Number of protein chains: 2
Amino acid sequence: MARTLDPDSFGFLVTDLSRLLRNEADQRFKDARCDMTHGEGRVLAHAARAGTVRQNVLAERMGIEAMTLSGLLDRLETRGLVKRTPDPADRRAKLISVTEAADALLDKVQQVSAGIRTDLAGEFPDADWQQFTIMLKAVRDRLLTMRADGQANAA
Amino acid sequence: MARTLDPDSFGFLVTDLSRLLRNEADQRFKDARCDMTHGEGRVLAHAARAGTVRQNVLAERMGIEAMTLSGLLDRLETRGLVKRTPDPADRRAKLISVTEAADALLDKVQQVSAGIRTDLAGEFPDADWQQFTIMLKAVRDRLLTMRADGQANAA
DNA sequence: GAAGGATAATAAGGCTAACTTATTATTTGC
DNA sequence: GCAAATAATAAGTTAGCCTTATTATCCTTC
């Protein structure tokens with residue numbers, strides 16, 4: 001039985017959610033004249049929180065490859081939102097920091113995403129939503145661990 | 001006041017989760033010699049469940065554009081996993097059905113995704129996981145509704 | 001019963017985000 | 001002091017999504 005794959009199974013749900021959310025965010029960012037892609041926003045958010053980090057550390061923390069980050073940083077740097085400075089402790093390495101020019105943008109992004117979150121969360125009891133985000137975080141962290149383990153084994 | 005964007009906020013969590021899950025799935029699919037991308041798998045899953053559907057209905061149900069679906073179906077049809085037949089009731093339309101050749105693949109996909117689900121869910125109490133997937137579904141459906149409403153208003 | 005607008009599929013083309021592999025400069029460990 | 005590891009990046013690929021425009025066919029309304 002069940003030789004049909006359930007399109008409501010976990011994996012599909014997550015990708016569905018991600019795509020729909022991305023569309024919704026695209027629309028609202030456009031409406032808010034906020035010129036920023038998801039990848040860029042994610043980098044900016046992580047970098048802002050980190051203060052000053054090496055690229056490789058940032059990439060690992062974000063769970064993406066160094067090269068992917070490098071490309072995203074190129075765009076942000078061109079727009080003056082991020083600065084690359086040589087790491088005095090290691091001449092191969094560069095330190096990333098967010099510039100003040102990014103402040104306004106960060107604010108806007110925050111407003112838009114808070115708006116979406118409110119619209120979505122409003123449908124549900126507070127406790128449910130809170131539990132939901134806790135689980136999201138836990139599952140993500142579990143996957144990050146699996147990823148790190150896999151790479152360690154492969155090496 | 002919080003001029004830094006939280007990388008653990010809802011939107012980022014979802015995209016993180018999606019990307020990490022995709023990576024994990026890619027790896028396991030490769031290991032299982034299962035030649036199938038996520039988009040293709042998703043189409044197959046939805047089509048298999050639907051039985052025989054018009055493309056436009058399938059696209060709407062999946063929450064993607066008609067053109068996106070058309071491209072994915074091209075690949076699946078070339079591999080003989082899916083059939084397009086003219087709809088007798090409307091000569092513009094085509095009916096999609098999954099062929100028997102897809103059975104084995106569907107099985108494999110199901111096994112792999114069940115494996116991932118087990119590995120992830122194993123970390124958490126049953127009730128928590130169950131509640132989690134319920135919320136995932138609810139939030140996705142909410143986004144689908146928002147999307148549909150938005151398109152209706154735009155028209 | 002024809003005209004005009006909607007709808008189904010798709011061709012064409014663009015973008016983002018991710019990947020891999022290979023290169024260069026540098027550091028570190030032996 | 002040399003070999004192996006590491007940091008960033010250049011180059012090139014892929015998937016998945018989008019939009020716009022085209023063609024064929026329906027449907028409605030007068």
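Sequence lines set the chain letters: A, B, ... in the order given, protein chains first and strands last, and positions in each chain run from 1. Because the structure is a prediction, the values reported are computed rather than measured.
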Tell me whether the OP1 or OP2 atom of D:dA15 has a side-chain N or O from B:R42 closer than 4.0 Å. no
Regarding A:L72, tell me which of base, sugar-phosphate or nothing describes its non-hydrogen contacts under 4.0 Å with the strands shown. sugar-phosphate
Options D:dC17, D:dA15, C:dA17, nucleotide nearest the side-chain atoms of B:T68: D:dC17
Taking the minimum atom-to-atom distance to the side chain of A:R92, which one of C:dT27, C:dA17, C:dT7 wins? C:dT27
Comparing nearest nucleotides in DNA chain C, the 5'-proximal residue of the pair A:M67, A:R91 is A:M67
Checking the side chain of A:T118 only, and the main-chain atoms of A:A114 only, is there a donor and an acceptor separated by less than 3.5 Å? yes
Rounded to the nearest Å, what distance is computed from the CG atom of residue B:D35 to the P atom of nucleotide D:dT14? 13 Å
Judged by each residue's nearest nucleotide on DNA chain D, which is more toward the 5′ side, A:K94 or A:R19? A:K94
Does B:N23 have a side-chain nitrogen or oxygen under 4.0 Å from the phosphate oxygens OP1 or OP2 of C:dA18? no
Please tabulate, one pair per line, all N/O donor-acceptor pairs under 3.5 Å involving side-chain atoms of residues 51-58 of chain B, not counting sequence neighbours.
unit_1, atom_1, unit_2, atom_2, d
B:R54, NE, B:D87, OD2, 2.6
B:R54, NH2, B:D87, OD2, 3.0
B:Q55, OE1, B:R84, NH1, 3.1

Tell me: CG of A:L69 to C1' of C:dC19, nearest whole Å? 14 Å
Which of the following nucleotides, D:dT9, C:dA18, C:dT10, is nearest to the side chain of A:A66? D:dT9
A:Q55, nearest nucleotide to its side chain (from D:dA8, C:dT16, D:dC17): D:dA8
Report yes if at least one side-chain N or O of B:T37 is closer than 4.0 Å to OP1 or OP2 of D:dG16; otherwise report no. yes
Value in whole Å for how far the C1' atom of C:dT7 lies from CG of B:L58: 17 Å
Distance check needed: C:dT16 C1' versus A:M62 CE, whole Å only. 14 Å
Figure out the CZ/P separation between A:R75 and C:dC15, and round it to whole Å. 11 Å
Rounded to whole Å, the CZ-P distance (A:F29 to D:dC18) equals 17 Å
Answer yes or no: is there a donor N or O on one side and an acceptor on the other, between the side chain of B:T78 and the main chain of B:D74, under 3.5 Å? yes
Side chain to side chain contact (heavy atoms under 4.5 Å, CB included) between A:V139 and B:E123: does it pass, once the steps are laid out? CA-CA 9 Å; A:V139 175; B:E123 292 282 303; over 6 Å; no
5′-ward residue of the pair B:L73/A:D90 relative to DNA chain C: B:L73
I want to confirm an ordering. Mapping A:T15 and A:A93 to their closest nucleotides on DNA chain D, which one lands closer to the 5' end? A:A93
Mind calculating the distance between CD (A:E65) and P (C:dA17) to the nearest angstrom? 16 Å
Nearest to the side chain of A:N56, which nucleotide is it out of D:dA7, C:dA8, D:dA10? D:dA7
Atom-pair distance (NE2 on A:H38; C1' on D:dG16), nearest Å: 13 Å
Start with the C-alpha gap between A:D119 and A:R28, add the side-chain angles, then the distance that decides, and say whether side chain to side chain contact (heavy atoms under 4.5 Å, CB included) holds. CA-CA 12 Å; A:D119 288 354; A:R28 298 205 190 193; 2.7 Å; yes
Enter the distance from B:K137:NZ to B:D141:CG here, rounded to the nearest 0.5 Å. 8.0 Å
